[in-house]
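Remember, predicted model here, so these are calculated numbers, not experimental data. Residue numbering restarts at 1 for every chain, and letters A, B, ... go by the order of the sequence lines.
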2 protein chains.
Amino acid sequence: MATLKQVAAHAEVSVQTVSNALNAPHRLRPDTLQRVTRSIELLNYRPNRNARSLRTSAVELIGYCVPSWPDGQAHLVMDQFLHALCTAAETSGRHILLFTAPTGVDGMLVYDDLHARRLVDGFVLSQTETHDPRHGWLKEQQIPFVSFGRVWKESTQPGPWVDVDGAAGCAAAVRHLYETGRRRIGFLSWPKISGLAEDRLSGWRTACRELGLPHDAKLAVRCPEDTIDAGAQATAELLDADQPVDAIVAISDILALGALRELNRRGLRAGIDLGITGFDDSPLASVVSPALTSIRQPMDQIATELIDILTGPATDATGNGDTRPSTERLLEPEVVIRGSSGPG
Amino acid sequence: MATLKQVAAHAEVSVQTVSNALNAPHRLRPDTLQRVTRSIELLNYRPNRNARSLRTSAVELIGYCVPSWPDGQAHLVMDQFLHALCTAAETSGRHILLFTAPTGVDGMLVYDDLHARRLVDGFVLSQTETHDPRHGWLKEQQIPFVSFGRVWKESTQPGPWVDVDGAAGCAAAVRHLYETGRRRIGFLSWPKISGLAEDRLSGWRTACRELGLPHDAKLAVRCPEDTIDAGAQATAELLDADQPVDAIVAISDILALGALRELNRRGLRAGIDLGITGFDDSPLASVVSPALTSIRQPMDQIATELIDILTGPATDATGNGDTRPSTERLLEPEVVIRGSSGPG
DNA sequence: CTGAAAGCGCTTACAG
DNA sequence: CTGAAAGCGCTTACAG
């Protein structure tokens with residue numbers, strides 16, 4: 001492996017000049033730059049990142065904790081998210097370092113260690129939970145981070161975040177179903193009350209109200225778990241009611257698949273007799289028939305914003321200016337229309 | 001951040017002794033060790049990894065290229081694999097660095113760069129394809145790597161690998177179905193001929209032959225794509241044949257889900273009227289009803305073996321001893337029995 | 001525009 | 001068992 005010194009000797013300049021050729025080429029005279037560049041190519045020189053990091057104390061590595069399954073819904077799009085995150089990181093010359101950690105506050109030792117030993121510059125958090133302790137802790141330690149997902153139920157959100165407007169997504173799904181002629185739209189939700197679920201539910205409720213559609217509590221079913229079975233059962237309820245629904249907005253693709261199955265069982269046709277939509281546009285959505293209309297989170301944009309915020313000018317690195325507003329970005333999801341919600 | 005020097009001053013020893021306390025504690029006298037350890041704790045010292053790596057030229061980081069979807073089957077268990085890989089890496093004091101690269105030989109520039117700039121010590125490869133160029137290239141460059149999955153159709157497999165015995169898995173599924181009384185077992189396969197598909201198919205064929213069951217070509221259907229629809233259609237074929245099958249071994253969970261749907265549509269009960277098995281034990285398997293019997297790859301063991309091989313004594317670092325056999329580990333998958341193949 | 005020198009925080013032969 | 005010293009390969013004020 002060639003070193004800076006060898007390149008310098010070869011190009012007959014000082015190491016400083018070679019370093020500048022790489023990091024501040026405008027400082028060199030064109031002819032010098034060209035000569036150095038030639039030597040770099042000839043010797044196939046690659047700067048040693050460890051040496052650079054030792055000097056600059058920046059590793060250009062971003063930590064991401066791989067969520068441990070079983071977590072239900074989220075991991076069906078995890079590879080999409082990771083791919084987007086990697087790509088965004090690489091665009092800014094960085095990479096993603098993966099690690100595992102216990103959930104809750106116990107895991108913070110791992111985060112702290114990774115940062116203290118300078119394996120990473122900062123963290124991207126996801127799988128944010130209601131009352132997630134990580135954000136507050138990292139902020140207190142002044143360790144750079146950005147969160148995908150808000151910490152719900154907190155009076156103040158610690159630190160910067162990027163999130164998708166679930167309410168807007170569900171509202172858009174309702175409007176889409178309305179436009180295809182549906183007038184009684186049910187909602188399939190999750191069991192435990194979470195900020196995420198309430199957010200999406202509220203979007204359904206608001207849109208129905210605005211369109212003059214029914215939106216009473218009976219139309220929103222909390223499924224006991226995020227499975228196809230539970231989705232099918234809840235769908236059966238909604239179909240067997242005195243006034244059956246003619247469309248269903250599901251809070252996840254899995255539940256929507258359950259709805260699809262129940263329709264199938266009854267000889268009803270999704271997209272014709274009823275409209276069905278899911279959430280996440282997971283790989284499953286395009287694998288069923290009719291394919292599932294689903295609400296897609298803009299993964300690439302999410303990832304880009306996350307990296308932008310994390311690598312941008314430090315929000316609060318000094319500890320002063322604490323009152324400065326955190327960086328917060330709420331992105332719009334998109335309804336990907338497929339067969340299950342009709343031709344429109 | 002405390003440094004080695006500061007700890008040394010605090011403990012009133014040389015930096016060398018502190019370093020030894022961390023890396024070779026047996027060299028210190030117990031009382032010295034204790035004193036140093038106390039100083040380390042008091043100052044909350046964490047060794048700077050970049051400095052260490054610069055010195056030792058080992059970064060303790062393993063590169064893994066995130067596969068770009070859509071790739072069909074594999075990404076449903078990607079998070080399981082990543083989690084296992086991370087855990088195994090951490091057990092050996094290492095971490096996973098994620099990156100993206102173009103497929104094929106173009107991507108090798110990325111691999112080379114990552115290694116040359118010392119961002120990683122080596123690579124774990126997965127999504128191995130027939131005629132995958134990466135293995136040969138990395139071997140030639142003497143860049144450490146280990147592959148999850150064999151390069152099929154090569155006369156000699158370049159470099160060490162870990163793989164799962166797909167044939168054994170499918171054979172086990174056939175035997176399991178036989179034990180639950182099935183006597184005419186179909187096979188659902190993929191469109192393009194790949195080493196992976198042929199391997200699994202051969203397991204079905206061999207087991208059927210050994211049990212005296214039919215295994216003619218008509219019983220093995222190549223689905224045009226890895227979707228629920230395709231699986232359902234192929235299942236319909238197998239059921240409408242002159243001699244209908246009473247069980248189906250599917251090469252993927254998705255295809256098995258298609259089989260389940262087709263049975264459902266016909267009023268047939270999986271696990272009672274027919275036995276169905278999938279492959280990969282993806283999150284989907286436990287989310288349907290009846291839950292899907294599926295062949296599970298031992299992810300934790302795979303990951304452990306991969307890291308063991310990669311971090312073990314260099315197989316061929318010197319370039320001599322080229323004839324030494326590569327490290328190769330073929331692991332047994334496990335049939336996870338659920339409702340879709342009957343109570344047994 | 002270019003160069004000589006110090007230093008980032010470790011580890012590792014080498015002496016004592 | 002312990003210590004003084006060199007060096008891993010860079011970057012960065014500081015002079016010239």
Legend entry - Side-chain donor-acceptor contact under 3.5 Å, Tyr64(A) with Ser126(A): yes

Inset, instruction - Find which nucleotide of DNA chain D each of Thr3(A) and Pro30(B) is nearest to by heavy atoms, and output the residue with the more 5' nucleotide. - result: Pro30(B)

Inset, instruction - Measure the distance from CG on Leu4(B) to P on dA5(D) and round it to the nearest whole Å. - result: 17 Å

Inset, instruction - For Thr32(A), answer base if it contacts any base atom (sugar-phosphate contacts may also be present), sugar-phosphate if it contacts only those atoms, and nothing otherwise; contact means non-hydrogen atoms under 4.0 Å. - result: sugar-phosphate

Inset, instruction - Please work out if Leu28(A) contacts a base, only the sugar-phosphate, or nothing of the nucleic acid, heavy-atom cut-off 4.0 Å. - result: sugar-phosphate

Inset, instruction - Indicate whether the side chain of Ser53(A) and that of Glu60(A) have a donor and an acceptor atom separated by less than 3.5 Å. - result: no

Inset, instruction - Starting from C1' on dC10(D), measure out to CZ on Arg46(A) and report it in whole angstrom. - result: 17 Å

Legend entry - Closest approach of Arg49(A) to Gly93(A) (non-hydrogen atoms, all atoms of both residues): NH2-O, 3.5 Å

Inset, instruction - Between dT2(C), dC10(C), dG9(D), spot the one nearest the side chain of Arg29(A), thanks. - result: dT2(C)

Legend entry - Gln16(A) side chain, from C-beta outward: closest of dA4(C), dG9(C), dC14(C): dA4(C)

Legend entry - Interatomic distance where CG belongs to Leu54(A) and C1' belongs to dT11(C) [whole Å]: 12 Å

Legend entry - Candidates dA13(D), dT11(D), dG9(C) - which lies nearest the side chain of Asn48(B): dG9(C)

Inset, instruction - Nearest whole angstrom, please: distance from the P of dA5(D) to the NZ of Lys5(B). - result: 13 Å

Inset, instruction - Have a look at Asn23(B) and say if it touches a base, only the backbone sugar-phosphate, or nothing, with a 4.0 Å heavy-atom cut-off. - result: sugar-phosphate

Inset, instruction - Send over the distance from Met1(A) CE to dG7(D) P, rounded to a whole Å. - result: 22 Å

Inset, instruction - Between Val13(B) and Asn50(A), name the one whose nearest nucleotide on DNA chain D is closer to the 5' end. - result: Val13(B)

